Amino acid sequence: MASVYSTLTYWLVNHPNIANFTWTEGETLGSTVFFVSVVVTAYLSATFLLRYVMVSLPSLGPRILKPITAVHSLILFLLSLTMAVGCTLSLASSPDIVPSHPTARFFRSICLPLDVKPSGSLFFWAQVFYLSKILEFGDTLLIILGKSFQRLSFLHVYHHAVVVIMCFIWLRTRQSMFPFGLWANSTVHVIMYGYYFLCAIGWRPKWKRLVTDCQVLQFLLAFGFASLMFQEHVFGSGCSGFWACGFNGAFNASLLALFFNFRSKNYAKKTRLDTWAEMIKDVGKKAIGSKKID
Ligand SMILES: CC(C)(COP(=O)(O)OP(=O)(O)OC[C@H]1O[C@@H](n2cnc3c(N)ncnc32)[C@H](O)[C@@H]1OP(=O)(O)O)[C@@H](O)C(=O)NCCC(=O)NCCSC(=O)CC(=O)O
């Protein structure tokens, strides 16, 4: 067990390429406002354009699409797992940012010091996370090519576009709360891409609702921890990128509202149907006396 831990720590935290990583605006891949603007504009334009072009074209058949979707989801599942483990180990073992006391270590995941340098393993994983959000654009392409237009929701497109801007702001402002956000979202995406992968290989899991609930939970936890960060910023020694956290707060609040709407549309119906079924059963039971009905 100890050797697994130390091997993982070496490859995901202490490897020279990771430990010596420094995010430098204008030098690191994707580190300019121009890059983010082009990427997000290209994503939105391509999505709307392809959506309308595909209306008059035949969809790629499931024989071609399902294996590609499965591979894409599997890659994102493995990448999310690697980022979640990498972030956890970075928080547990980076001596430069993380003090040895567990409570202080937790606070480091929600409040970075004002003079924090954008270097080391945590920032390395934030950069990987940022680039992985561009890879997630593939989800939209797969939905459009399969002509599953009902799944091309506002929630989907809005999330995929704005999350890239959010990650760029994390890095540019050395924003506090990003280690928690990175850890929570990567962990949730392990479950989400696991679910998507299983759907793509033809096994539709029964725990879809659990995936949605985990997504909602990450936003709720973020609000809880943000209040602790606020206290630490105001009454403690200050947190880096405090004002940029407002962007995250607004984005999380909008996603929370959209996910509550998604939940009520996708799962509440079932509950109502169940209620109706039970009512009909009761009426039936009364009508035929003590006879059992299914
Ligand atoms: C359970 C959810 C994860 C997904 O809900 P859906 O209603 O979209 O799920 P579904 O049951 O229709 O999904 C199964 C279908 O997805 C296909 N599928 C598989 N892999 C996919 C991929 N990588 N991208 C897009 N589609 C994919 C399967 O082949 C299957 O198609 P077929 O049905 O043809 O067999 C939900 O909680 C959710 O997030 N809904 C919002 C929609 C969304 O776009 N979410 C992701 C971005 S938001 C996000 O990611 C927030 C966060 O950060 O946590």
Side-chain angles (χ1 to χ4, degrees), residues 43-44 47 50-51 54 59-81 83-84 87 126 129-130 132-167 170 177-178 180-223 248 250-270:
Y43 168 72
L44 291 173
T47 299
L50 267 175
R51 161 76 178 79
M54 277 307 287
S59 76
L60 279 188
R63 273 189 168 203
I64 302 173
L65 214 52
K66 289 286 172 189
I68 299 172
T69 308
V71 170
H72 172 74
S73 298
L74 186 61
I75 290 171
L76 280 163
F77 168 83
L78 294 172
L79 190 58
S80 301
L81 184 63
M83 290 187 292
C87 181
F129 187 76
Y130 168 48
S132 79
K133 295 298 163 192
I134 299 172
L135 187 60
E136 286 184 15
F137 288 172
D139 299 346
T140 315
L141 185 65
L142 292 166
I143 289 173
I144 296 175
L145 293 178
K147 293 182 88 168
S148 300
F149 297 136
Q150 77 287 353
R151 296 185 54 237
L152 193 67
S153 58
F154 174 77
L155 162 56
H156 177 91
V157 179
Y158 169 73
H159 168 269
H160 277 57
V162 180
V163 80
V164 178
I165 303 171
M166 181 196 80
C167 295
W170 281 4
M177 292 286 298
F178 95 68
F180 169 75
L182 200 169
W183 173 82
N185 194 249
S186 304
T187 306
V188 167
H189 277 206
V190 171
I191 305 169
M192 188 184 91
Y193 281 107
Y195 168 81
Y196 274 147
F197 170 72
L198 293 172
C199 284
I201 61 167
W203 187 63
R204 201 170 282 272
K206 291 202 165 59
W207 36 270
K208 175 175 174 176
R209 190 180 180 147
L210 177 80
V211 185
T212 311
D213 288 343
C214 288
Q215 288 169 305
V216 169
L217 183 67
Q218 72 177 321
F219 303 126
L220 293 175
L221 282 178
F223 279 116
N248 246 67
F251 183 44
N252 281 351
S254 60
L255 284 177
L256 196 56
L258 289 165
F259 266 96
F260 275 132
N261 181 42
F262 177 88
R263 268 176 105 246
S264 64
K265 276 190 182 151
N266 280 266
Y267 310 116
K269 260 186 220 149
K270 233 182 194 172

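Everything quoted here is computed from the prediction, not taken from an experiment. Atoms within each ligand, like the ligands themselves, are counted from 1 in listed order. What you see below is based on every heavy atom in this structure, not just the backbone, and it leaves out hydrogens, waters and symmetry mates. Nothing fancy with the numbering, it's 1 onward along the sequence.
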If you measure every N or O of [X] against every N or O of ligand 1, does any of those distances drop under 3.5 Å?
X: K208; answer: yes
X: D139; answer: yes
X: S153; answer: no

So do the side chains of [X] and [Y] get within less than 4.5 Å of each other, counting heavy atoms only?
X: S264; Y: N261; result: yes
X: L182; Y: W170; result: yes
X: N185; Y: M166; result: no

* Of H72, H189, H159, which is the lone residue that meets side chain to side chain donor-acceptor pair (under 3.5 Å) with E136? -> H189
What distance separates [X] [atom1] from [Y] [atom2], expressed to the nearest 0.5 Å?
X: F259; Y: L155; atom1: CZ; atom2: CG; result: 4.5 Å
X: M192; Y: T212; atom1: CE; atom2: OG1; result: 10.0 Å
X: I68; Y: L145; atom1: CD1; atom2: CG; result: 8.0 Å
X: Q150; Y: L152; atom1: CD; atom2: CG; result: 9.5 Å
X: M54; Y: L60; atom1: CE; atom2: CG; result: 6.0 Å

Which residue supplies the protein heavy atom nearest to [atom], what is that atom called, and how far is it?
atom: atom 20 (N) of ligand 1; value: S73 OG, 2.9 Å
atom: atom 16 (O) of ligand 1; value: R151 NH2, 2.9 Å
atom: atom 44 (O) of ligand 1; value: H156 ND1, 2.7 Å
atom: atom 52 (C) of ligand 1; value: H189 NE2, 3.3 Å
atom: atom 54 (O) of ligand 1; value: Q218 NE2, 2.8 Å
atom: atom 28 (C) of ligand 1; value: C199 CB, 3.8 Å

* Structure fact -> All heavy atoms of S132 vs all of L76, minimum pair found to be O-CD2, 4.2 Å
Under 4.0 Å from a heavy atom of [X]: give me the atoms of ligand 1 that qualify, with their elements.
X: T212; answer: 1 (C), 36 (C), 37 (O)
X: R204; answer: 11 (O), 14 (C), 32 (P), 33 (O), 35 (O)
X: H160; answer: 47 (C)
X: T69; answer: 18 (N), 19 (C), 20 (N), 21 (C), 27 (C)
X: Y193; answer: 23 (N)
X: M192; answer: 3 (C), 46 (C), 50 (O)
X: V211; answer: 3 (C)

Kindly list each side-chain donor-acceptor pair under 3.5 angstrom involving residues 193-203, sequence neighbours excluded, with atom names and distances?
residue, atom, partner, partner atom, Å
Y193, OH, D139, OD2, 2.6

* To do: Run the contact test for R209 against ligand 1 with a 4.0 Å cut-off on heavy atoms, strictly below, and give the result.
  => no
* Asked: E136 near ligand 1, heavy-atom distance under 4.0 Å?
  -> no
Just go through [options] and tell me whose heavy atom is the nearest to [atom].
atom: atom 51 (C) of ligand 1; options: H159, K133, H72, K147; answer: H159
atom: atom 2 (C) of ligand 1; options: K265, Q215, K66; answer: Q215
atom: atom 45 (N) of ligand 1; options: F77, Y196, F262; answer: Y196

* Asked: Between S73 (side chain) and A70 (backbone), is there a donor-acceptor pair under 3.5 Å?
  -> no
Contact partition for [X] relative to ligand 1, non-hydrogen atoms under 4.0 Å:
X: Y195; result: side chain
X: N185; result: side chain
X: L155; result: side chain

* Output field: ring centroids F154/F262 closer than 6.0 Å -> no
* To do: Check whether NZ of the Lys or CZ of the Arg K133 lies under 6.0 Å from the centre of the six-membered ring of F129 and within 45 degrees of that ring's axis.
  =>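 Satisfied, under 6.0 Å and within 45°.
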